[in-house]
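These notes are about the structure you will find just below.
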Amino acid sequence: KQVIIQKIREAERGIMFNDFKGQEGQLLMGTIQRVEARKVLVDFGKVTGVLLADQQSSRDHYRPNARMKFLLLAVQMTPRGPEILLSRSDVGMVREIFKQEIPEISDGLIEIKGIAREPGYRSKVAVSTADEAIDPIGSCIGQRGSRINTIIEELGGEKIDIIQFSENAKEYISHALSPAKVFGVKLDEENKVAEVSVASDQFSLAIGRNGQNVRLAAQLTGWKINVVEEGGKQALASDEVAPEAVVETAE
C-alpha cells in the first residue's frame with residue numbers, strides 16, 4: 001500500500017512538474033501566502049512558488065492573500081517535488097505584460113526589439129512594425145494612455161518609455177534618449193561609442209536622475225553613449241554611473 005501511494009505521489013509530482021515546466025517564461029496569477037525576510041511564498045493551488053529577494057521589484061508591496069502576476073522564471077525538480085522560481089524584476093515580466101495588454105504584439109503585428117530595465121524605476125521598450133498602417137508607439141500607449149497606464153499599474157508604478165526601433169544606429173540612439181531631444185549623433189563604429197550632442201536645456205533630461213536615462217538608452221541600443229552639452233560645457237558617459245541593471249535584446 002505504501003509503495004502504491006508513493007508511486008502515485010511521484011506520478012502527481014511528475015505531472016505537476018511537466019505542467020509548470022511548459023509555462024516557463026509566462027505570467028501566472030498567484031496569491032501571496034507568506035512574506036519572509038528573504039523570500040515571498042506564492043500559492044498556485046496545488047503548488048507553492050518562491051519569489052526570492054533578488055527577483056523582487058522595489059515598488060511592490062507583498063501582502064498576504066493579495067493576488068498578483070508573476071513571471072515563471074524556472075521550474076526545478078527537488079526531492080520534495082517541483083520548485084517554482086518566480087520573478088517580478090526580470091525583463092521578461094515587462095515583455096509578457098506587453099503581450100497580454102497589447103493585442104498587436106501578441107498577434108505579431110508589432111515586434112518588441114529590445115527591453116532595458118531597472119526594476120521598480122524605469123523600463124525602455126523598443127518596438128517596430130512592418131505594417132505601415134500601424135503606429136507601434138500609439139498602439140502601445142492606447143487611447144488616452146489606457147494601455148500603457150494598465151501596464152504601469154501592473155508594474156507597481158514603474159515608468160515606461162516606448163521607443164521607436166530603427167536599423168539606423170543614429171536614429172535608434174536618438175529615440176532611445178527620449179524624452180530628451182537630441183541635436184546630433186557621431187558614431188565611432190570600431191569602438192561602438194556614440195557621441196550625442198544636446199542643447200543645454202536638454203542635458204539633464206538626456207542624462208536622467210542618477211544617469212538612469214542615458215544608462216538605459218545604452219543598454220537598449222548596445223552602444224556606449226557620451227552625452228555632450230552643446231558648447232562642450234558638460235559631458236557624461238553612459239558607463240560613468242552604473243548600478244546593477246538587467247537588459248534583454250530580442251534575438
Side-chain angles (χ1 to χ4, degrees), residues 1-112 114-120 123 125 147 150-158 160 244-251:
K1 185 179 174 182
Q2 283 179 326
V3 171
I4 293 169
I5 290 170
Q6 188 182 344
K7 292 290 183 187
I8 289 169
R9 280 179 182 161
E10 284 175 7
E12 284 175 343
R13 285 174 180 175
I15 291 166
M16 206 177 297
F17 173 80
N18 292 331
D19 183 32
F20 279 93
K21 192 73 178 172
Q23 297 181 70
E24 281 183 344
Q26 296 178 21
L27 291 183
L28 297 178
M29 183 68 83
T31 304
I32 293 170
Q33 193 179 73
R34 194 164 74 247
V35 180
E36 298 180 0
R38 299 290 300 160
K39 63 186 178 183
V40 176
L41 300 180
V42 183
D43 182 24
F44 292 106
K46 289 184 179 179
V47 71
T48 300
V50 180
L51 179 70
L52 297 174
D54 63 348
Q55 294 296 331
Q56 296 173 17
S57 173
S58 59
R59 281 187 178 267
D60 288 338
H61 300 287
Y62 304 105
R63 299 185 185 91
N65 299 319
R67 285 177 63 74
M68 294 178 79
K69 286 179 183 174
F70 300 88
L71 182 78
L72 179 48
L73 205 58
V75 184
Q76 300 168 354
M77 183 58 93
T78 69
R80 295 192 303 172
E83 184 181 50
I84 314 294
L85 299 176
L86 307 169
S87 179
R88 288 272 305 173
S89 64
D90 194 86
V91 287
M93 181 86 192
V94 177
R95 179 180 293 278
E96 291 304 308
I97 287 175
F98 266 75
K99 281 184 187 174
Q100 278 195 355
E101 299 299 332
I102 300 160
E104 291 88 342
I105 290 177
S106 58
D107 292 345
L109 298 172
I110 294 174
E111 186 182 353
I112 294 176
I115 301 170
R117 186 182 187 199
E118 290 188 2
S123 286
V125 181
R147 289 177 172 180
T150 302
I151 292 168
I152 290 169
E153 199 175 312
E154 285 280 3
L155 294 170
E158 186 176 312
I160 307 280
E244 287 185 10
V246 188
V247 65
E248 178 194 73
T249 303
E251 293 297 325

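Numbering of residues begins at 1 and proceeds along the displayed sequence. Hydrogens, waters and symmetry mates play no part in the numbers below; they use all other heavy atoms, side chains included.
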- Task: Compare all side-chain heavy atoms of Q100 with those of K69 and state whether any distance is below 4.5 angstrom.
- Result: yes
- Message: So, taking the atom named CE in M68 and the one named CG in L51, what distance separates them when rounded to the nearest 0.5 Å?
- Response: 8.0 Å
- Task: Report yes if some heavy atom in the side chain of I84 is under 4.5 Å from a heavy atom in the side chain of V50; otherwise report no.
- Result: no
- Pairing residues for Q33 by the side chain to side chain contact (heavy atoms under 4.5 Å, CB included) criterion, not counting sequence neighbours: L41, D43, T48
- Give me the one residue out of I115, L71, L73, L86 that meets side chain to side chain contact (heavy atoms under 4.5 Å, CB included) with M93. L71
- Message: Checking E24 now: which residues fulfil salt bridge (charged side-chain N to carboxylate O under 4.0 Å, His left out) with it, not counting sequence neighbours?
- Response: K21
- Message: According to side chain to side chain contact (heavy atoms under 4.5 Å, CB included), who are the partners of D107, at least two apart in sequence or on a separate chain?
- Response: P103, L109
- Item | L27 side, atom CG; F70 side, atom CZ - distance, nearest 0.5 Å | 10.5 Å
- Using a 4.5 Å cut-off on heavy atoms from C-beta on, say whether the side chain of L72 contacts that of F44. no
- Query: Would you call R147 and E104 a salt bridge, taking side-chain N to carboxylate O under 4.0 Å as the test?
  - Reply: yes
- Item | Interatomic distance, I97 atom CD1 to R95 atom CZ [nearest 0.5 angstrom] | 13.0 Å
- Query: Does R117 reach the main-chain N or O of S89 with its side chain, forming a donor-acceptor pair under 3.5 Å?
  - Reply: yes
- Which heavy atom of V35 sits nearest a heavy atom of P64, and at what distance? CG2-CD, 4.4 Å
- Task: Show the numbers, then the answer: is there a salt bridge (Lys or Arg N to Asp or Glu O under 4.0 Å) between E36 and R34?
- Result: CA-CA 6 Å; E36 298 180 0; R34 194 164 74 247; 2.7 Å; yes
- Mark yes when over 12 heavy atoms from residues, nucleotides or ligands other than I5 sit less than 6.0 Å from its CD1; otherwise mark no. yes
- Message: If you compare all heavy atoms of P119 against all heavy atoms of S57, which two are closest, and at what distance to 0.1 Å?
- Response: C-OG, 4.0 Å
- Ignoring hydrogens and geometry, is there a side-chain-to-backbone donor-acceptor pair from Q55 to S87 under 3.5 Å? no
- Apply side chain to side chain contact (heavy atoms under 4.5 Å, CB included) to the pair I32 and N65, showing each step before the final yes or no. CA-CA 5 Å; I32 293 170; N65 299 319; over 6 Å; no
- Note on the structure: dist R88:CZ -> E158:CD (nearest 0.5 Å) comes out at 9.5 Å
- Side chains of Q56 and K39: is there a donor and an acceptor less than 3.5 Å apart? no
- Report the distance from atom OG of S123 to atom CD1 of I151, rounding to the nearest 0.5 Å. 10.5 Å
- So NZ of K99 and CD1 of I110: to nearest 0.5 Å the spacing works out to 14.0 Å
- Exercise: do R67 and T31 side chains pair donor with acceptor under 3.5 Å: yes
